[in-house]
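The next block holds one structure in the form of structure tokens; read it before the comments.
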Amino acid sequence: MTKKIAVIDGNSLMHRAYHAVPPTMNAPDGTPTNAVFGFLAMLLKFIDMAKPDALVCAFDAGKPAFRMEALEQYKAQRPPMDDELRVQFPIMEELLGAMNVPVVKVKGWEGDDILGTIAARDEELGFETLLVTGDKDAYQLASGATRIVTTKKGVTDIAIYGPDQVEERYGVTPAQFPDFLGLMGDSSDNIPGVPGIGAKGAAKLLQRFGTMEGIYEHLSELKGKQLENLRDNEDAAFLSRDIATIVRDLDFALDLEDAAFPSFSAEAVEEAFGRYQLTSHLARVLKLVGAEATRAEARLVWEPVVAGEAAGPLVADALRAGETVGVALMEPEQVSLFDNAVTGAFATSRGTAVLAGDEALALFAQVVREGSFAVLDAKEAVHRVFPADTSLPALVTADDLAAMDAFDLGLAGYVLNSSVSAYTLEALMEAHGGGALPEAEGDEARAAVAAAAARHLVEPLRAAMEREGSLKAYRDIDLPLVGVLATMERTGAAIDVERLAEMGRAAQAELDELSQRIFELAGEPFNIDSPKQLARILFEVLGLTPLKKNQRGYSTDASVLKELAKESELPALVLRYREQAKLKSTYLDALPRMRAGDGRVHTRFNETVTTTGRLSSSDPNLQNIPVRTELGRRIRACFVPLEPGELFLSADYSQIELRLLAHLSGDEHLVAAFNSGADFHASTAARVFGLPVEEVTPELRSRAKAVNFGIVYGQQAYGLSQSLDIPFGEAKEMIDRYFEAYPGVRSYLDDTVARAAEDGFAETMFGRKRHIPELKARNAQQRGFGERTAMNHPMQGSAADIIKMAMNEVDRRLREEGLAAKLMIQVHDELDFSVPEGEVERLAALVREVMENVVSLAVPLDVDVSWGPTWAEAH
DNA sequence: TCAACCTGCAA
DNA sequence: TATTGCAGGTTGA
């Protein structure tokens, strides 16, 4: 079989990869690796498809001397290469070296010329050549033995061109290709060519006359503008052809007869790939030589595995010695009949204890009470011995949780990078543990490996947090909150099921009636819940005018329906239908279904979901219970205190994000407005519209309020004009006047974006960072998004830090002072409690004091506290 | 059964 | 072309 040699145009592939792969990945030292990653993805895909016998990679070296001599402006207007790309070339060369792929660089020449030279030598030797490049100049090199490989779109969609495919696509043969390029020119390389002649024209001329010489010999057969252009630009045409002609006889040493791929050592590749955290490609590369990654197994010791009676003492000894025990509590692979069929593993310096069921849970409870332990998700683990259902017994107390010494690996991963979609042991091992999590067979082995990994990860994660300055957010804010949240989740929230059911029946009756009237107006029955069917009725049957599009057709969202309601009754009815249907399905029907054994709903407060540091709530989400409409407030009235004789108490920060804007920006007028204690939005209106406060109308105040809120999210004039339903120009003027009135805000926001662009992250007052790779995006829309999140993160995130600190302190004080009140719910700037009637004044004072004083700012933190028989009345 | 999409609830 | 979330319904694979 003929030897098949693949030659890669390294510069071309690096550029493609750099632009195709988002800049979200880095080497441990922070150097971007997206181009390297994409390069490897393309290379591996190509190797799989083409199975070359040997691989060579060419890179440009120095300036292309010969072409610059011939044409001074050659590639002159090309912008200089991004630094983020430039720094990836040495990495790529290093990796190619580890893969034993020869790298050829010839000073003064471009990759194409190296490709051409190698192809020529191959043809001499009788070898077959594949040239991998994105540069169309290379098509001139196609021949019976040489084919061109290009990526079509993305990174891994590949097309292969032989002479026939070149001719089919461009209408010229490879031999004619330099003439073709010479006639066309190339604006991106500053090659002039002949004006007025593009790809079509050049191909047509060459089909007729064969070569550039042929064309100029037969100029008399041409006419008009084309003749004129060809005659006036003869020199440019030939010069352009010279420049586009690839040189095929460069002088460099390369042993093609002995070249072979793959011929690398697995150790060298593993070492090099590991150094740049490119583990996702590592396995595929190693597989080429039939090797597997040695991974971290060597350093991850979980044996001996100790079961039975020796397990408890092994762990107890480790705890006594002050060791941090790695813990994993896992569901069995086979679903069991028993609820507590958990497998528990406890990794110590002298082996791993593995137990099942109640024995595992009892040992874990002991670890929680007495020891120091590390686990992927401490709150979830704790729920095994402190269930989120008060009708189930708990093996530890809330006080135990407040005192426990846990290391939460997921939380550590979160404060280091809050934009990861899930924090798994696998990912943490890849990123911080020095290699992949070893695979294991069977429940016991899996649990043992996971426990050992948990123990193994403590030090690298602690070191990373220390290095990144994230230790404070972890140790002082997020970690202590784990016990508080576990306790809140166990406490749950009480709902009035009778009332929900009654409202559900009423809503159903209203929905039936609305449906009837909607069908009558439509002239036929249809599924009102289906936006598609509704769109057909609105825009085809009724002939209303579509106002907005979405991916699947015309939008029927509330803003559209509201507009259409001005001229037709049906959309108005659909709006009412939607409100009822939404509230019924999401709350009235769903909440009673979510009750646990104690009749309460136990939401999960997730601490590692949001990018800003806020909590999120799910199953059910108690952070989006309605409040704005009358029906919404009646749903809130179904949330009641936990016990008879108790009240529902709610405490919320007033405008905390705007106060943080005042504090962070230091704008004197904003700070003064908050310190004066006057109506903040009215005072904004007065400053922005240049009026005395007494003359601010409700309309003006509400506009000022919208601007205030918009500023927090980085809203632009367009967005404001939409939200206030005013002309763009008016919105623009309002925002301009706002920034004139508060010049400190303007400069603060500008500085924040500039710093985030420089650092690659934005951070909160307490060091919680959000990495924002979008700030480096070339796409303006993405970059705009990055800028808005850079502005928003310090406000939204600092507010989240502050209320978390307040929760930790409130929890501590409630236990210290022996109050019976229970913290049930957090809604971003609000804390909700169930409190015995006799304790309510004391709780109110305590909560206010803690929330207002948990941090000291340039402006006061105001807290509104109120209570009543239900959540609705506690406002 | 699942994922993508549309829609809409909260701070 | 205003940030952060969760969830229910429909649709189509």
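Chain identifiers are assigned alphabetically (A, B, ...) following the order of the sequence lines, protein sequences preceding nucleic acid strands; residue numbering begins at 1 within each chain.
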- request: Using atom CD of Gln580(A) as one end and atom P of dG8(B) as the other, report the distance to the nearest whole Å.
  value: 14 Å

query: Which whole-number value in Å describes the distance from Leu583(A) CG to dT7(B) P?
result: 17 Å

field: Ser418(A) vs Pro531(A), nearer the 5' end of DNA chain C by closest nucleotide
entry: Ser418(A)

message: Nearest whole Å is fine: how far is dT7(B) P from Lys532(A) NZ?
response: 14 Å

message: Holding to salt bridge (Lys or Arg N to Asp or Glu O under 4.0 Å), I want the full list of residues that pass it with Arg746(A), two or more places apart in sequence or in another chain.
response: Asp750(A)

task: Check every strand shown and say whether Tyr653(A) touches a base, only sugar-phosphate, or nothing at a heavy-atom separation below 4.0 Å.
output: nothing

- request: Compute the ring centroids of Tyr742(A) and Tyr738(A), then answer whether they are less than 6.0 Å apart.
  value: yes

task: Scan Gln533(A) against the nucleic acid and name what it touches under 4.0 Å (heavy atoms): base, sugar-phosphate only, or nothing.
output: sugar-phosphate

- prompt: When you check the gap from the basic side-chain N to the acidic O, do Glu502(A) and Arg499(A) get nearer than 4.0 Å?
  reply: no

task: Whole angstrom is fine here: how far is it from NZ in Lys549(A) over to P in dT7(B)?
output: 14 Å

query: Counting only non-hydrogen atoms, which of residues 599-630 of chain A are less than 4.0 Å from DNA chain B?
result: Arg614(A), Gln623(A), Asn624(A), Ile625(A), Pro626(A), Val627(A), Arg628(A)

query: Which part of the nucleic acid, if any, lies within contact of Gln551(A), taking any heavy atom under 4.0 Å across all strands shown: a base, the sugar-phosphate backbone alone, or nothing?
result: sugar-phosphate

message: Can you confirm whether Arg848(A) is buried at CZ, in the sense that more than 12 heavy atoms of other residues, nucleotides or ligands lie under 6.0 Å from that atom?
response: yes

query: Does anyone know the first and last nucleotide of DNA chain C in reach of chain A, 5' to 3', at under 4.0 angstrom to a heavy atom?
result: dT1(C) to dG12(C)

- request: Return the set of residues passing salt bridge (Lys or Arg N to Asp or Glu O under 4.0 Å) with Glu524(A) (not counting sequence neighbours), or none when no residue passes.
  value: Arg536(A)

task: Using whole Å, report how far CZ of Phe709(A) lies from P of dA10(B).
output: 14 Å

Audit row: Tyr718(A), Phe728(A), ring-ring contact (aromatic ring centres under 6.0 Å, His included) steps and yes/no: CA-CA 6 Å; Tyr718(A) 176 87; Phe728(A) 177 87; 7.1 Å; no

message: If the condition is salt bridge (Lys or Arg N to Asp or Glu O under 4.0 Å), which residues does Glu763(A) pass it with, not counting sequence neighbours?
response: Arg755(A)

- prompt: Contact class for Gln781(A) vs. all strands (heavy atom < 4.0 Å): base, sugar-phosphate, or nothing?
  reply: sugar-phosphate

message: What is the separation between atom NE2 on His828(A) and atom P on dC9(B), rounded to the nearest whole Å?
response: 16 Å

- prompt: Checking all strands, does Ala558(A) fall into the base, sugar-phosphate, or nothing category for heavy-atom contacts under 4.0 angstrom?
  reply: sugar-phosphate

field: Mutual orientation of the aromatic rings belonging to Tyr423(A) and Tyr414(A) [parallel < 30°, tilted 30-60°, perpendicular > 60°]
entry: perpendicular

message: Below 30° counts as parallel, above 60° as perpendicular, anything between as tilted: where do the rings of Phe674(A) and Phe680(A) land?
response: parallel

task: Take atom CD1 of Ile825(A) and atom C1' of dA11(B), then tell me their distance rounded to the nearest Å.
output: 14 Å

query: What is the nucleic acid contact for Thr556(A), judged by heavy atoms within less than 4.0 Å: base, sugar-phosphate only, or nothing?
result: sugar-phosphate

- request: List in chain and number order the residues that pass salt bridge (Lys or Arg N to Asp or Glu O under 4.0 Å) with Lys532(A), two or more places apart in sequence or in another chain; answer none if no residue qualifies.
  value: none

statement: Leu591(A) atom CG is separated from dC9(B) atom P, nearest whole Å, by 15 Å

